[in-house]
2 protein chains.
Amino acid sequence: MTAIKVSSTIQENKQYALEKCPVTFVMEKIGGYWKPIILWHLSEGNKRYSELKRAIPAVTEKVLIQHLKQLEADGLVIREAKPVVPPFVTYRLSSAGEGLLPVIEAMAAWAFKVKDGEYS
Amino acid sequence: MTAIKVSSTIQENKQYALEKCPVTFVMEKIGGYWKPIILWHLSEGNKRYSELKRAIPAVTEKVLIQHLKQLEADGLVIREAKPVVPPFVTYRLSSAGEGLLPVIEAMAAWAFKVKDGEYS
DNA sequence: CATGATACATACTATAGGGTAAGTACTTGT
DNA sequence: ACAAGTACTTACCCTATAGTATGTATCATG
């Protein structure tokens, strides 16, 4: 039943979903809990690590870098580190990251409609 | 450090994110692994439970109903059950669910751009 | 009379992700 | 000499979610 065959795992289903569903593909990239917020803040302009930290106080440092690393690995943000002695690292959106902004805005628009009770 | 205070939990951070970030709000609704796929299939028209099952063979039945229940509870899909003896249940998008289609399409559009290498 | 189809439910497991807490290396300020 | 700020890293825990496997009620059909 359920058409799951030999040695099926979560990873295999993930593969399936990634290939079959472009939306799942996007979810993989921005599905982290704080990623959309990070992207949102970066859409306002380049930010230092510490600026992001202060801008999103509820996220822990571990998760913040974790997400930043993933976003960097996925090519959505670009990290620039000046090799100075108190470290100076800035993050900014790549062109792919900027391409996501319309998506983010579409999501925000829907959320506001829902909260305004526009869909009774 | 990290500005997390007394009795902070995942749930509290969730609350924070939900209030502060409309995108996280959307993620809560369509963030389940198969939800976007389900919504996509429902965008093609009403579907019976068994039709969805066959349309998305890689998802298990448990997860399929689980997601459908959540989507129903979130007001994104509408469940209609005819009280006949072999059960006949159809699912369709609510107006709020339809309102998400532009979001889904924006995500899909971005995904295809990425895969086509449009952002070198 | 047993199988299949319908639309689920339920008990159990496994893993990924987020959270907590603490530490690192280097320098400037007091 | 010690704290504070920079940008992280690491070890550990906890929970939410997906997956596995099986069961349920009803009827039609062979």
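Each chain gets a letter, A, B and so on, in the order the sequences are listed, and its residues count up from 1. Side chains are part of it too, since the values below use all heavy atoms of this structure and drop only hydrogens, waters and symmetry mates.
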Check your understanding: For DNA chain C, whose closest nucleotide is more 5', that of Pro86(A) or that of Gly31(A)?
Key -> Gly31(A)
Respond yes when some side-chain nitrogen or oxygen of [X] is under 4.0 Å from OP1 or OP2 of [N], and no when none is.
{"X": "Arg48(A)", "N": "dC8(D)", "value": "no"}
{"X": "Arg54(A)", "N": "dA7(D)", "value": "no"}
{"X": "Arg79(B)", "N": "dC8(C)", "value": "yes"}

Practice item. Rounding to 10 degrees, work out the angle separating the end axes of the helix from dC1(C)-dG30(D) to dT30(C)-dA1(D) (five pairs an end). Key: 20°
Review point. What is the nucleic acid contact for Lys82(A), judged by heavy atoms within less than 4.0 Å: base, sugar-phosphate only, or nothing?
Key: nothing
Practice item. Answer with base, sugar-phosphate or nothing: what part of the nucleic acid does Pro87(B) contact at a heavy-atom distance below 4.0 Å? Key: base
Check your understanding: Tyr49(B) pairs by side-chain hydrogen bond (donor to acceptor under 3.5 Å, both in side chains) with which of Glu61(B), Arg79(B), Arg54(B)?
Key -> Glu61(B)
[X] [atom1] - [N] [atom2] separation (whole Å):
{"X": "His67(B)", "N": "dA7(C)", "atom1": "NE2", "atom2": "P", "result": "19 Å"}
{"X": "Lys62(A)", "N": "dA7(D)", "atom1": "NZ", "atom2": "C1'", "result": "17 Å"}
{"X": "Leu64(A)", "N": "dG19(C)", "atom1": "CG", "atom2": "C1'", "result": "14 Å"}
{"X": "Tyr33(B)", "N": "dT15(C)", "atom1": "OH", "atom2": "C1'", "result": "12 Å"}
{"X": "Gln66(B)", "N": "dG19(D)", "atom1": "CD", "atom2": "C1'", "result": "10 Å"}
{"X": "Phe88(A)", "N": "dA7(D)", "atom1": "CZ", "atom2": "C1'", "result": "12 Å"}
{"X": "Glu61(B)", "N": "dT10(C)", "atom1": "CD", "atom2": "P", "result": "15 Å"}
{"X": "Tyr91(A)", "N": "dT6(D)", "atom1": "OH", "atom2": "P", "result": "14 Å"}

Do [X] and [Y] have side chains that get closer than 4.5 Å, going by heavy atoms?
{"X": "Val114(A)", "Y": "Phe25(B)", "value": "yes"}
{"X": "Val23(B)", "Y": "Val103(A)", "value": "no"}
{"X": "Tyr33(A)", "Y": "Val63(A)", "value": "no"}

Review point. Is there a chain of hydrophobic side chains (I, L, V, M, F, W, Y, each step under 4.5 Å between heavy atoms) that links Ile38(A) to Ile78(A)?
Key: no
Review point. When clusters are formed by joining ILVMFWY residues with side-chain heavy atoms under 4.5 Å apart, either directly or through shared neighbours, do Leu64(A) and Phe88(A) land in the same one?
Key: no
Review point. Does the Ser94(B) side chain pair with the main chain of Gly75(B), one donor and one acceptor, at a distance under 3.5 Å?
Key: yes
Out of [options], whichever nucleotide has its closest atom nearest the side chain of [X]:
{"X": "Thr60(A)", "options": "dT6(D), dT20(C), dA7(C)", "result": "dT20(C)"}
{"X": "Val63(B)", "options": "dC8(C), dA7(D), dA18(D)", "result": "dA18(D)"}
{"X": "Lys69(A)", "options": "dC8(D), dT6(D), dA9(C)", "result": "dC8(D)"}

Review point. Given that Gln70(B) and Val85(A) both sit by DNA chain D, which one's nearest nucleotide is further toward the 5' end?
Key: Val85(A)
**Study point:** Minimum heavy-atom distance Ala58(A)-Trp34(A), with the two atoms named
**Key:** CB-CH2, 3.9 Å
